[in-house]
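Contents: one structure, followed by commentary.
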Amino acid sequence: MVDAASRRLAGVVSTTPLERNTRLSEALGAQVWLKREDLQTVRSYKVRGAYNLIAQLDDDARAAGVVAASAGNHAQGVAYACAALGVRGRVYLPRTTPRQKRDRIAVLGGKMTEIIVGGDSYDEAAAAAAADAAAAGATLVPAFDDTRTIAGQGTVAREIIAQLGFAPDVLVFPVGGGGLLAGAVAWIGQRYPEVRVVGVEPAGAACVTAALAAGGPVSLPELDTFVDGAAVRRAGDVTFPLIAASGAEVMTVAEGRVCSEMLALYQSDGIIAEPAGALATAALGPARPAGRGAVPDVVTVAPGATVVCVVSGGNNDVSRYAEVVERALIHEGRKHYFLVDFPQEPGALRRFLDEVLGPDDDITLFEYVKRSNRETGPALVGIELSRPQDLPALLARMEQAPPTIERVDASSTLFRFLL
């Protein structure tokens with residue numbers, strides 16, 4: 001099916017570059033290559049599955065139209081396919097879909113695609129899309145849970161090996177609902193069973209990891225939607241058996257680590273990746289210094305090994321970079337928040353700066369909270385360290401300082417308001 005999908009997609013989707021990455025190669029002592037699906041026709045591999053499915057519909061099904069749900073990238077693929085094939089479509093998006101992705105869907109789909117926004121997660125949008133398709137007699141175009149979608153996504157693996165000229169030692173794929181990973185293992189397993197395949201999920205949306213532990217798809221009780229392109233509450237009924245039977249490794253990385261990798265891709269490699277696009281490379285070790293609560297290195301490879309990671313998407317809203325930087329600093333142990341109960345007297349802030357802050361520490365947030373009495377005034381203070389190792393000394397100085405200082409823990413309600 002993957003080979004047939006590849007023929008169907010020829011001339012429709014781009015053969016995206018396979019590029020050696022110097023930064024990661026030197027860090028791992030290996031040969032690390034990036035499959036640049038962020039440079040795809042719609043800046044994501046999702047167009048492969050969407051087009052492959054819609055292109056196979058007969059005339060009656062095309063006349064009835066298609067319906068899809070998406071966190072943003074699949075909808076762009078559906079919109080592109082609808083415009084190219086002359087099929088009318090409706091796409092359901094959760095409210096968490098970035099504005100940049102919504103705008104791109106409108107441009108790609110033109111008059112052939114209607115956008116409907118509602119719900120707080122992909123799964124809520126998927127339920128609305130399924131109900132719409134059933135009522136209207138339209139064809140549902142799943143983002144991952146359909147053999148035609150899976151076969152289209154699997155063409156990424158086929159293309160990698162054709163470009164490389166041989167089978168790599170390790171292939172690393174991002175995972176949301178599992179369509180890309182399922183398509184890849186279905187094709188690779190029959191031809192190159194010796195290849196180590198790794199799927200990487202965000203820690204806050206690890207639906208495939210949960211399914212593997214439970215023996216079948218289950219719904220996650222909580223979902224972190226930051227990695228919006230992979231924020232799926234339940235693994236697919238079609239994708240899961242393919243992944244489980246393949247023996248592929250499935251691992252998780254913390255959202256903060258994804259942010260650190262997004263910044264490294266941008267600053268070192270000149271690659272603008274969305275959060276899901278940075279999942280695969282974020283899983284490679286050794287890593288940049290990780291802070292409190294961080295997920296350890298998850299993928300280690302033998303010296304000299306050939307490793308290919310899929311950069312799955314580049315549809316990132318530039319307005320999100322402030323949050324990306326914040327999450328990265330917190331993950332790396334360089335950004336911390338405190339409630340400082342300053343005495344209401346001249347020179348109190350000056351003493352705090354002189355006696356508590358280190359020479360390379362920086363205050364990035366200072367905001368007085370509502371004053372509760374005349375003697376003291378609590379302030380929320382954000383401090384950025386130049387190195388994570390400077391934290392113990394800072395905490396020791398705070399212990400000796402006159403003001404009462406309380407660290408804002410990452411698990412607190414107040415902390416969640418800061419991100």
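Taking the charged nitrogens against the carboxylate oxygens, Lys335 and Glu384 have no contact shorter than 4.0 Å, which rules out a salt bridge. Looking at Glu19 and Arg36, a side-chain N of the basic residue comes within less than 4.0 Å of a carboxylate O on the acidic one, giving a salt bridge.
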Atom pairs and distances, donor-acceptor, side-chain atoms in residues 107-114, under 3.5 Å, two or more places apart:
none

For residues 26-34, run the donor-acceptor check on the side chains, cut-off 3.5 Å, and write out each pair with its distance to 0.1 Å, sequence neighbours left out.
unit_1	atom_1	unit_2	atom_2	d
Gln31	OE1	Arg20	NE	2.7

Extract all donor-acceptor atom pairs below 3.5 Å that involve side chains of residues 167-188 and protein atoms in other chains or at least two apart in sequence.
unit_1	atom_1	unit_2	atom_2	d
Asp169	OD2	Thr306	N	2.8
Trp187	NE1	Asp3	OD1	3.1

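Listed by first and then second residue, the ring pair (Phe, Tyr, Trp, His ring centres under 6.0 Å) pairs that reach into residues 114-136 are Tyr122-Phe144, sequence neighbours excluded. A side chain to side chain donor-acceptor pair (under 3.5 Å) check over residues 198-214, counting only residues at least two apart or in different chains, returns the pairs Glu201-Thr209. Sequence neighbours left out, the pairs with a member in residues 389-400 that pass salt bridge (charged side-chain N to carboxylate O under 4.0 Å, His left out) are Asp361-Arg397, Arg387-Asp390. For residues 171-187, no residue pair satisfies the salt bridge (charged side-chain N to carboxylate O under 4.0 Å, His left out) rule, not counting sequence neighbours. For residues 265-276, the set of pairs meeting the side chain to side chain donor-acceptor pair (under 3.5 Å) definition, not counting sequence neighbours, comprises Asn21-Asp269, Arg23-Asp269, Asn73-Glu274, Lys101-Glu274.
In this structure, Arg102 contributes its side chain and Thr97 its backbone to a donor-acceptor pair below 3.5 Å. Using a distance-only test at 3.5 Å, with no hydrogens or angles considered, no donor-acceptor pair links the side chain of Arg191 to the main chain of Arg158. Of the possible donor and acceptor atoms, none in the side chain of His74 sits under 3.5 Å from a partner among the backbone N and O of Ala71. In this structure, the side chain of Ser312 engages the main chain of Ala276 through a donor-acceptor pair within 3.5 Å. Checked by atom type and distance alone, the side chain of Glu124 pairs as donor or acceptor with a backbone atom of Asp120 at under 3.5 Å.
For Phe338, the ring-ring contact (aromatic ring centres under 6.0 Å, His included) criterion is met by no residue, not counting sequence neighbours. For Gln40, the side chain to side chain donor-acceptor pair (under 3.5 Å) test picks out Glu37, with sequence neighbours left out. Checked against ring-ring contact (aromatic ring centres under 6.0 Å, His included), Tyr92 has no partners two or more places apart in sequence or in another chain. Listed by chain and residue number, Lys35 satisfy the side chain to side chain donor-acceptor pair (under 3.5 Å) test with Gln163 (two or more places apart in sequence, or in another chain).
With a 4.5 Å cut-off on side-chain heavy atoms, Arg43 and Asp38 do not count as touching. Side-chain contact between Ile383 and Met398: present, with at least one pair of heavy atoms (C-beta onward) separated by less than 4.5 Å. No side-chain heavy atom of His331 sits less than 4.5 Å from a side-chain heavy atom of Cys259. Ser70 places none of its side-chain heavy atoms less than 4.5 Å from the side chain of Val78. The shortest side-chain heavy-atom distance between Pro202 and Val258 does not fall under the 4.5 Å cut-off. Ile105 has its side chain within reach of Leu93: a pair of non-hydrogen atoms, C-beta onward, lies under 4.5 Å apart.
Surrounding CD1 of Ile272 are at most 12 heavy atoms belonging to other residues, nucleotides or ligands under 6.0 Å away. The environment of CD in Glu355 is crowded: more than 12 heavy-atom neighbours from other residues, nucleotides or ligands sit within 6.0 Å.
Ring geometry for Phe352 versus Phe342: interplanar angle over 60°, hence perpendicular rather than tilted (30 to 60°).
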- Query: Should Ser260 and Glu332 be marked as a side chain to side chain donor-acceptor pair (under 3.5 Å) after you check the CA-CA gap, both sets of side-chain angles, and the distance that decides it?
  - Reply: CA-CA 8 Å; Ser260 293; Glu332 293 166 7; 2.6 Å; yes
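Across all their heavy atoms, Ala328 and Leu263 have their closest contact at CB-CD1, 3.7 Å.
Considering Leu279, Val200, Ile160, Thr281 as possible partners of Val310, the one that fulfils the side chain to side chain contact (heavy atoms under 4.5 Å, CB included) test is Ile160.
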